Amino acid sequence: MIDYKCFELHTHTINSDGQFTTEALCESARQYLYDAIAVTDHNTMSALEDITPELIKRTLPVIPGIEWTTFFGHLLVIGAEKYIDWRFALPENIDTYIAEIKAVNGIVGIAHPFNVGSPLCTGCYWDFKIHNWNNVDYIEVWSEPFPQERFKNNLAFNWWTKLLNRGYKLAAGSGRDWHGPDKEDVLTSATYLGLQDGIITGVTVKEALAKGRTFVTCGPVLHITLSNAFGTCGLGETAAAGECTLTIHLDESKRRSVWERFGLRTKFIQIVHNGTTVQKIPCDGVYTGTLSLNLSPGWVRVEGYGYYNYKGKYNIDDHKLLVFSSPIFIGMRGCNT
Ligand SMILES: [Zn+2]
Ligand SMILES: [Zn+2]
């Protein structure tokens, strides 16, 4: 059985430019009610020396990662079994480096692709030219707290959608890019990963990201399945084109203490098929229902919109994206694959 768990996939410690010790990061993550985190320091995995069984027992599971931090972009590498030298990666040859990461069973995620580069954030903007998208597992669509308020995240969301329309099977992720204790009260996103039997290990986490079993949220949780004459598919799977039933469950029961002070409320759900909204369903913080759809080859995802309090501004007519799923892919007619 697939069970979804809550992750923060992009964090830093004093081993690179973070303010957290590894222990302080793990303790803060536990207080934020994440089920686990990935540690992704810039170009180093030194934090792993701090991650003892005792620390994990006291706080939460930690998945090893690294953020390749280059002049041409930042790449999140999760669970690679060997260090790959990134120093000579160039826009023209990045496919070769990504293939090397895949060869040592690492997960590849593009970090904050539209961050503006600056002397403080060298190479944050994604300038690498990828030809083989099959080796990229996910895009960090949302970056930093209050992700909906950041224009760069709109650009990343649209880019991800365009890549899906071009036929690439890319999951969505989010990353707080957590560097230290919060200076102000912030609403942050999380990435839920669909893990085999809900068990958190490097293997199950990598499998969920590789297979696209993810959804990104600032609060609500989403569960989606698509059924047709050939069976039932979940996120990341491929269903046959044609008549189907999409089952959606959304609720706001999880990790409420982390976000409820922002007055967040989901007010409608949108079904997006190949980049176009095909259904819009009103709800009020909870929805369970089924929809009959006739889908052509491509993909379908579910998005939840609503409102929340941002810096004292609270407009219940201003609906913002609160949660979105990775796609269920739609193949040719005939059978689910
Ligand atoms: Zn970065
Ligand atoms: Zn970072």
Side-chain angles (χ1 to χ4, degrees), residues 7-22 24-26 28-29 32 34 36-48 50-51 62-80 83-87 89-91 94 97-98 101 106-130 136-147 149-157 159-160 170-183 186 188-191 205 209 214 216:
F7 283 73
E8 170 50 62
L9 294 173
H10 189 158
T11 66
H12 296 276
T13 71
I14 53 173
N15 290 280
S16 61
D17 63 347
Q19 290 111 46
F20 283 128
T21 60
T22 310
L25 169 67
C26 292
S28 298
Y32 258 91
Y34 296 115
I37 58 170
V39 173
T40 56
D41 273 309
H42 299 287
N43 297 337
T44 178
M45 294 177 80
S46 310
L48 296 189
D50 308 330
I51 299 163
V62 181
I63 307 298
I66 186 169
E67 183 177 14
W68 281 22
T69 307
T70 83
F71 288 116
F72 307 107
H74 293 189
L75 192 72
L76 295 159
V77 178
I78 295 176
Y83 180 83
I84 305 293
D85 190 351
W86 50 271
R87 288 174 298 165
L90 295 168
I94 189 67
Y97 286 82
I98 288 177
I101 298 169
I107 287 291
V108 172
I110 295 179
H112 48 64
F114 290 90
N115 263 25
V116 178
S118 74
L120 288 174
C121 185
T122 307
C124 286
Y125 188 86
W126 185 259
D127 274 324
F128 285 115
K129 303 281 174 279
I130 290 180
V136 177
D137 297 294
Y138 75 100
I139 292 180
E140 189 183 70
V141 175
W142 272 0
S143 172
E144 301 179 27
F146 287 113
E149 309 296 333
R150 297 173 195 277
F151 185 63
K152 64 177 184 181
N153 289 332
N154 291 339
L155 296 176
F157 192 83
W159 187 49
W160 174 53
L170 294 160
S174 74
R176 185 169 173 169
D177 210 349
W178 208 2
H179 279 78
D182 299 317
K183 294 181 186 69
V186 288
T188 62
S189 62
T191 309
V205 166
L209 284 164
T214 76
V216 171

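What you see is a predicted model; the values in this text were computed from it and never measured. Every number for a ligand or one of its atoms is a count from 1 in the order of the listing.
In this structure, R176 satisfies the cation-pi test against Y32, with its NZ or CZ atom closer than 6.0 Å to the six-membered ring centre and inside 45 degrees of the ring normal.
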>> With side-chain contact (heavy atoms from CB on, under 4.5 Å) as the criterion, how do I110 and L170 come out once you've worked through the C-alpha distance, each side chain's angles and the decisive distance to 0.1 Å?
In response: CA-CA 10 Å; I110 295 179; L170 294 160; over 6 Å; no

>> For I101 and W68: C-alpha separation, side-chain torsions, deciding distance, then whether side-chain contact (heavy atoms from CB on, under 4.5 Å) applies.
In response: CA-CA 11 Å; I101 298 169; W68 281 22; 3.6 Å; yes

> Please walk me through it: do T22 and I51 pass side-chain contact (heavy atoms from CB on, under 4.5 Å)?
Replying inline: CA-CA 7 Å; T22 310; I51 299 163; 3.8 Å; yes

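Around the Zn ion (ligand 2), the two atoms NE2 of H12 and OD1 of D177 are separated by an angle of 90°, to 10 degrees.
Per residue H112, closest N, O or S atom to the Zn ion (ligand 1): atom name NE2. Looking only at N/O/S atoms, H74 comes nearest to the Zn ion (ligand 1) through ND1. Residue E67 approaches the Zn ion (ligand 1) most closely through its N/O/S atom OE2.
For residue H10, no N/O/S atom approaches the Zn ion (ligand 1) to within less than 2.8 Å.
Closest approach of V116 and C124 over heavy atoms only: O-CB, 4.3 Å.
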